[in-house]
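Here is the structure we will look at, set down as structure tokens.
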Amino acid sequence: MKTLLKITNNIFAKSILIVILFMNVNITNGQATKQTIEASSSLGTLKQIDAGLLNVGYTEAGPSNGTPVILLHGWPYDIHSYNEVVPILVAKGYHVFAPYLRGFGTTTFLSKDTFRNGQQAALASDIIAFMDALKIDKAVIGGFDWGARTAVVVSALWPERVKGLVSVSGYLVVNLEANLKPLPPTAELGWWYQYYFSTERGKQGYTQNTYDFNKLIWKIASPLWNFDKATYDQTAQSFDNPDHVAIVIHNYRWRQSLEAGESKYDNLEKRLASKPAIKVPTITIGSDFDGAFADGKAYASKFTGKYEHRILKGIGHNVPQEDPKAFAQAIIDADNLK
């Protein structure tokens, strides 16, 4: 964590950061945590709200009477992937929310006894609880990586809550049975970190080297993106969350059926295992990260409502930060698909 002096210098140097000091007090557990966090002023105001199992940290920007938009980040990223997306949407009159997922940034669990679960149904349920807490009946939802998966799952299970969907890399619903089947060696190589996380050595390694590990993932996932240290550090502060490692490790071990989820999500996972079609208006985005699947043909049939697919060449996995104009336009167009 940077010292206050360094943060202050950074603010004067770049004029784009605000320092937000918050106190999250959990009366039930008799515990209080204090953390200094930086958030880009372009994202709006950083706020906290109790929603479901969590006290969710999120930014809010734009007119309160605008169409709600919820932007979901992935791993190992955070809400700063939307630094340049949010101002574009606000200028178009949208009311934009960017929540930290469980295990990231200022989002914390309300109880120390809650299982630190990273399965897809848990993350999607978080978003519904977040919408309920803010009294958002319906929103345009977009994301990439974990955020895209979460947005797709929300759209599959609660389509009445989704006005439009933008999903980078398309239909990302996890199928546990399919995940047990081996892939060609070149494809398996791309998932090396999932196998690493399945070991105790991997868990310890990620705990000890989170900063460097995630920076490596950024470089691998977006080889043409020349991000600087300040850009990475702005997001890396989110990995200091006390539940970060537990959520990440469980997420990937659950995907490989190496750790169980929670029984309360069994019915939701059963519905997802049937590979439900997405009926809400959707725009999917393929990038260089998707390789042969960038054309979207492998999953186009899963989107049965109004639908478009777009391909971004020369762009890696972090689409909203690498090409914010294209991502913002996809949000706008998903809201207005004819």
Next item on the list: With salt bridge (charged side-chain N to carboxylate O under 4.0 Å, His left out) as the test, would you mind laying out the steps for Asp132 and Arg161 before giving the verdict?
Entry: CA-CA 10 Å; Asp132 289 345; Arg161 307 298 296 272; 2.9 Å; yes
Checklist line | side chain to side chain contact (heavy atoms under 4.5 Å, CB included) assessment of Val96 paired with Glu60 | finding: CA-CA 6 Å; Val96 188; Glu60 180 178 359; over 6 Å; no
Next item on the list: Report the C-alpha distance between Phe115 and His250 in whole Å, list the side-chain angles of each, state the deciding distance to 0.1 Å, and finish with yes or no for ring-ring contact (aromatic ring centres under 6.0 Å, His included).
Entry: CA-CA 10 Å; Phe115 177 56; His250 183 263; 4.9 Å; yes
Margin query: Pair Glu269, Gln119 - check side chain to side chain donor-acceptor pair (under 3.5 Å), show working.
Written below: CA-CA 9 Å; Glu269 293 294 353; Gln119 74 182 104; 2.9 Å; yes
Check: Step by step, would you call Phe239 with Asn214 a side chain to side chain contact (heavy atoms under 4.5 Å, CB included)?
Finding: CA-CA 9 Å; Phe239 311 145; Asn214 289 344; 3.3 Å; yes
Next item on the list: Test Arg253 against Lys203 for side chain to side chain contact (heavy atoms under 4.5 Å, CB included), laying out the working first.
Entry: CA-CA 11 Å; Arg253 289 185 179 181; Lys203 181 179 180 180; 3.9 Å; yes
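Of all heavy-atom pairs between Gln48 and Thr106, the closest is OE1-OG1, 2.6 Å. Heavy-atom minimum distance, Ala334 versus Val166: CB-CG2, 3.8 Å. Between Leu268 and Ala121, the shortest heavy-atom distance links the atoms CB-CB, 4.1 Å. For the residue pair Ala156 and Pro276, the shortest heavy atom distance occurs at CB-CG, 3.9 Å. Contact between Ser40 and Asn83 at its shortest, heavy atoms only, is CB-OD1, 3.1 Å. When all heavy atoms of Lys112 and Arg116 are compared, the closest pair comes out as O-NH1, 3.7 Å.
Atom CD of Glu177 sits in a sparse spot, with 12 or fewer heavy atoms from other residues, nucleotides or ligands closer than 6.0 Å. Heavy-atom neighbours of Glu84 CD from other residues, nucleotides or ligands within 6.0 Å: at or below the threshold of 12. Within a 6.0 Å sphere centred on CG of Asn267, other residues, nucleotides and ligands contribute 12 heavy atoms or fewer.
Ring centroids of Phe104 and His244 are separated by less than 6.0 Å, placing the two rings close together. Between Trp192 and Phe213, the distance from one ring center to the other falls under 6.0 angstrom. The six-membered or imidazole ring of Tyr82 lies away from that of His80, with a centre-to-centre distance of 6.0 Å or more. Checked against the 6.0 Å centroid threshold, Phe130 and Tyr58 count as a close aromatic pair. Aromatic rings of Tyr196 and Tyr206 (six-membered ring for Trp) have centroids beyond the 6.0 Å cut-off, not under it. Between Tyr299 and Phe293, the ring center distance fails the sub-6.0 Å criterion.
Asp243 places no side-chain N or O within 3.5 Å of a backbone atom of Gly103 that could act as its donor or acceptor partner. Put simply, the side chain of Thr107 gets close to the backbone of Gly57: a donor and an acceptor are under 3.5 Å apart. When atom types are taken as modelled, the side chain of Thr235 and the backbone of Tyr232 share no donor-acceptor pair closer than 3.5 angstrom. Remark: side-chain polar atoms of Glu322 are paired, donor with acceptor, to backbone N or O of Asn318 under 3.5 angstrom. In this structure a side-chain-to-backbone donor-acceptor pair under 3.5 Å is present from Trp218 to Pro76. Side chain of His309 to backbone of Ile283: no donor-acceptor contact under 3.5 angstrom is found. No donor-acceptor pair under 3.5 Å is formed between the side chain of Ser222 and the backbone N or O of Trp225. Remark: side-chain polar atoms of Gln120 are paired, donor with acceptor, to backbone N or O of Val174 under 3.5 angstrom. A side-chain donor-acceptor contact under 3.5 Å links Lys302 to the backbone of Lys275. At least one donor-acceptor pair closer than 3.5 Å links the side chain of Asn336 to the backbone N or O of Ile332.
No hydrogens or angles considered: nothing links the side chains of Gln237 and Asp233 as a donor-acceptor pair under 3.5 Å. With no hydrogens or angles considered, no side-chain donor-acceptor pair links Asp266 and Ser263 at under 3.5 Å.
To the nearest 0.5 angstrom, Tyr94 atom OH is 14.0 Å from Ile70 atom CD1. In this structure, the separation between CZ on Arg310 and OG on Ser287 is 15.0 Å, given to the nearest 0.5 Å. Distance check, rounded to the nearest 0.5 Å: CZ of Phe289 to CD1 of Ile315 gives 14.0 Å. Of the inter-residue distances, the one linking Leu54 atom CG with Arg102 atom CZ reads 5.5 Å to the nearest 0.5 angstrom.
Residue Ile127 is grouped with residue Leu123 when hydrophobic side chains (ILVMFWY) are merged at heavy-atom distances under 4.5 angstrom, including chains of intermediate members. Residues Leu43 and Ile88 do not share a hydrophobic cluster, defined by chaining ILVMFWY side chains whose heavy atoms lie under 4.5 Å apart. In the hydrophobic clustering of this structure, Ile217 groups with Ile79; members are Ile, Leu, Val, Met, Phe, Trp, Tyr whose side-chain heavy atoms approach within less than 4.5 Å, directly or through other members. A chain of hydrophobic side-chain contacts below 4.5 Å, direct or via other Ile, Leu, Val, Met, Phe, Trp or Tyr residues, connects Phe197 to Leu216. Linking ILVMFWY residues whenever their side-chain heavy atoms come closer than 4.5 Å, directly or via other members, places Tyr211 and Ile220 in the same cluster.
Taking the side chain as every heavy atom from C-beta outward, Gln194 and Gln256 approach each other to under 4.5 Å. Under the 4.5 Å side-chain criterion, counting only non-hydrogen atoms from C-beta, Phe97 is not in contact with Thr59.
Below 30°, between 30° and 60°, or above 60°: for Trp191 and Tyr193 the angle between ring planes is above 60°, a perpendicular geometry.
Qualifying side-chain contact (heavy atoms from CB on, under 4.5 Å) partners for Asn209, counting only residues two or more places apart in sequence or in other chains: none.
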Ignoring hydrogens and angles, write down the donor-acceptor pairs under 3.5 Å from the side chains of residues 139-154, residues two or more places apart or on other chains.
unit_1	atom_1	unit_2	atom_2	d
Asp145	OD1	His317	NE2	2.7
Asp145	OD2	Trp75	N	2.9
Trp146	NE1	Tyr252	OH	3.1
Arg149	NE	Leu172	O	2.7
Thr150	OG1	Trp146	O	2.8

